[in-house]
Amino acid sequence: MPGELPFNARVFIANFGKENYLWPECLSTPCIATLDDEDLRDYWMTGNRRGYIEHCLRTKLTVRGLKPNRALASRWFNVHTTLSESSGDIWIHREKDDFWWAISGSQPITEDVRPPYKALPSAPNSIVRRKQTTPWSNKDLTGRRLSWKTLHPKAQTFLFTEGTLQQVGHDHGYADYSLAPLQGTDLSPWHGTTDWRVFEARRSVSRGTVLSPVEAAIALMASQARDTASRANGQEVLAKVKNKEFGFDSDEEMRVYLRNLLNDQEGLCAISGLRFQYPGQIDDPELQCSLDRIDSDGHYAAGNLQIVCRFINRWKSSSDDAEFRRLVRVLRASVDFEGIS
C-alpha cells in the first residue's frame, strides 16, 4: 500500500456484485468489480443509456424479484461507467467487522462472461467487469487494523451503502474524514465537535441495542404502519373508512420485508429516484424514508408497498399510483429532471 493517499482523491463506498458475492475475487485479484447481464452489454458499450434503461424496465428484475424503476435502472448503468472511469480513487468496503480499502488504477477494465448469477429459466449470462486496484488492506498506513466497530457512529452512517456503490461527498467534511482513518490521522478534531457529540447522544436505542440509521428508519416505518392500520380499523363512524389492515403476522416480519425492499431500491425513492436520508444524518427532513401504499385503498401488505421520500408521499396522498407517476413524468420532461420513473 502506498505511503500516502492521493491528494483530493474521490472516495467511494462499495459492495461488489449481487448480494456482494464478487468480494472474495476482488480481495484476491485485487480489483473492484461489477456485475451485469450479457444482453445489456451492447447498450453500455455504445453509451446507449436510454436503450439500457428501457431494456431493464421491460425485462429485468431485482435480486428479490421486483421490477426496477427508471431511477434504479439508470443507477445500474452509472455503476459500470463509474468503475470504468475510476483512476486514483479510494474505494472502501465493509466486510463484517473489517474495514477494507484500495486505490483504483489507470488500466482499462477487463470483462469475462460466466453463467447467470442465478440459474433461472432463460436468464442471460453474466458479464463481470473489473478494474485493477492496489492490494486491499484492512490496516491504516501506520499498520494498525481498521475495525468497523471502532468508527464513530456518525461515520458509520456515511461509510456504508445499501446499494452497489456511492460516492462520499465533501459536504460536512465527510470525504476528508473518510481518508483520515486510512492515514492513521487523529480523529478527535471531528469527534469533539458539537455536531458529532450531539449525534452520539441522540443515537436510537431499542431494548439496549443501538440501531443503525437504516434500521431506525425501518423500525419507524413499521411502527407507523401498525399505528395507522390500528387507528383506521378502530374508528366507529358512519362514513366509509378505508381499510388499512396490517398484512404481516408480526412487526419483525414487516421489518424484514422493508429491509429487503429498501435493498431492492438501493436506498433510492421508488418514485423520485432521490437518495434517502436516515435518522442521525438528516440535512433535509423531506428526504427521509416514508412508507407508501401503491394502492391507497389496499392494505399494508407485501406487494402493495413502496418506500418514497416524505414529500413524495405527501404530494401523492391518495392519488392513483400510475396517474401520479404519469404527472411526475410530465414534470420531468418539462424540466429535464433525471431519475424519475
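FYI, the numbering just counts along the sequence from 1.
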If the test is side chain to side chain contact (heavy atoms under 4.5 Å, CB included), which one of W136, F99, W101 qualifies with H93?
W136
All heavy atoms of A71 vs all of G273, minimum pair found to be CB-CA, 3.4 Å
If you define the side chain from C-beta out and look only at heavy atoms, does anything of V11 sit under 4.5 Å from D89?
no
Ignoring hydrogens and angles, tell me if any N or O in the side chain of S84 forms a donor-acceptor pair with the backbone of H80 under 3.5 Å.
no
Go through the steps for I13 and V168 under the test side-chain contact (heavy atoms from CB on, under 4.5 Å), then give the verdict.
CA-CA 7 Å; I13 313 302; V168 179; 3.5 Å; yes
Minimum heavy-atom distance C289-I307, with the two atoms named
CB-CG2, 3.9 Å
So, does R255 use its side chain to make a donor-acceptor pair with the main chain of A222 at under 3.5 Å?
no
Rounded to the nearest 0.5 Å, how far does CG of N260 lie from CG of D264?
7.0 Å
Closest non-hydrogen atom pair between Q265 and L72, with its separation
O-CD1, 4.3 Å
Does L268 share a hydrophobic cluster with L274, counting links as ILVMFWY side-chain heavy atoms below 4.5 Å and allowing steps through other members?
no
Roughly how far, to the nearest 0.5 Å, is the CG atom of D36 from the CZ atom of F77?
10.0 Å
L146, L179: one ILVMFWY side-chain cluster at the under-4.5 Å cut-off?
yes
Are V214 and L220 connected into the same hydrophobic cluster when the rule is that any two of I, L, V, M, F, W, Y join if their side-chain heavy atoms are below 4.5 Å apart?
no
Trace of the side-chain contact (heavy atoms from CB on, under 4.5 Å) decision for D292 with F324
CA-CA 13 Å; D292 175 56; F324 183 77; over 6 Å; no
Any ion pair linking E215 and R259 (charged N to carboxylate O, less than 4.0 Å)?
yes
What verdict does the side-chain contact (heavy atoms from CB on, under 4.5 Å) test give for C269 and I312, after you've listed the backbone C-alpha separation in whole Å, the side-chain angles of each residue and the deciding distance to 0.1 Å?
CA-CA 9 Å; C269 172; I312 289 290; 4.1 Å; yes
For W44 together with W76, are the ring centres under 6.0 Å from each other?
no
Identify the heavy atoms of G184 and T142 that sit nearest to each other, and give their distance.
CA-CG2, 4.4 Å
L57 versus R70: any side-chain heavy-atom pair under 4.5 Å?
yes
Full working for salt bridge (charged side-chain N to carboxylate O under 4.0 Å, His left out) between D39 and K60:
CA-CA 11 Å; D39 59 341; K60 302 303 177 185; 2.8 Å; yes
Where the side chain of K131 meets the backbone of I109, is there a donor-acceptor pair that is under 3.5 Å apart?
no
Given L291 and Q224, is the side-chain contact (heavy atoms from CB on, under 4.5 Å) satisfied, shown in steps?
CA-CA 9 Å; L291 189 59; Q224 289 174 338; over 6 Å; no
Which distance, rounded to the nearest 0.5 Å, do you find between the CD1 of I32 and the CD of Q132?
10.5 Å
Applying the side chain to side chain contact (heavy atoms under 4.5 Å, CB included) criterion to N138, which one of L27, D98, D97 satisfies it?
D98
Is a side-chain N or O of S318 found less than 3.5 angstrom from the main chain of S296, in a donor-acceptor match?
no
Within-4.5 Å side-chain heavy-atom neighbours: L262 and Y278
yes
Please work out which of the three classes, parallel, tilted or perpendicular, describes the rings of W91 and F16, given edges at 30° and 60°.
tilted
Between Q288 (side chain) and P285 (backbone), is there a donor-acceptor pair under 3.5 Å?
yes
Distance (rounded to the nearest 0.5 Å) between Q167 CD and T82 OG1
8.0 Å
Hphob cluster co-occupancy, L40 + M45, side-chain heavy atoms under 4.5 angstrom
yes
What pair of heavy atoms forms the shortest contact from S272 to C309, and how long is it?
OG-SG, 4.1 Å
Side chains of L305 and R293, heavy atoms from C-beta outward: is any pair under 4.5 Å?
yes
Where A225 and Y300 come nearest, the two heavy atoms and their spacing:
CB-CD2, 3.7 Å
Test item: L35 and Y21 side chains (from C-beta on) under 4.5 Å apart, heavy atoms:
yes
Would you say T133's side chain and I103's backbone share a donor-acceptor pair under 3.5 angstrom?
no
D321 side chain to Q306 side chain, donor-acceptor N/O pair below 3.5 angstrom:
yes
Does a side chain donor of either N48 or T46 reach within less than 3.5 Å of an acceptor in the other side chain?
no
Heavy-atom donor-acceptor pair, S319 side chain to K316 backbone, under 3.5 Å:
yes
Got a donor-acceptor contact below 3.5 angstrom from the N304 side chain to the H299 backbone?
yes
Give the intermediate values and the outcome of salt bridge (charged side-chain N to carboxylate O under 4.0 Å, His left out) for residues E38 and R41.
CA-CA 5 Å; E38 189 177 25; R41 183 179 186 276; over 6 Å; no
Test item: S106 side-chain N/O and S87 main-chain N/O as donor-acceptor pair under 3.5 Å:
no
D112 atom CG: more than 12 heavy-atom contacts under 6.0 Å
yes
Side chain proximity check, Q166 to R275, heavy atoms < 4.5 angstrom:
yes
Establish whether L83 and I127 are linked, either directly or via other cluster members, by ILVMFWY side-chain heavy-atom contacts under 4.5 Å.
no
So CZ of R50 and OG of S74: to nearest 0.5 Å the spacing works out to 11.0 Å
Rounded to the nearest 0.5 Å, how far apart are CD1 of I92 and OG of S178?
5.0 Å
Would you mind telling me which of E111, E25, Q107 makes a side-chain hydrogen bond (donor to acceptor under 3.5 Å, both in side chains) with R130?
E25
Is there a side-chain contact between D251 and S223, using heavy atoms and a 4.5 Å cut-off?
no
Indicate yes or no: at least one non-hydrogen side-chain atom of R49 is less than 4.5 angstrom from one of N78.
yes
The test is salt bridge (charged side-chain N to carboxylate O under 4.0 Å, His left out); show your working for R310 and E286 and say whether it passes.
CA-CA 5 Å; R310 175 189 286 180; E286 296 293 350; 5.1 Å; no
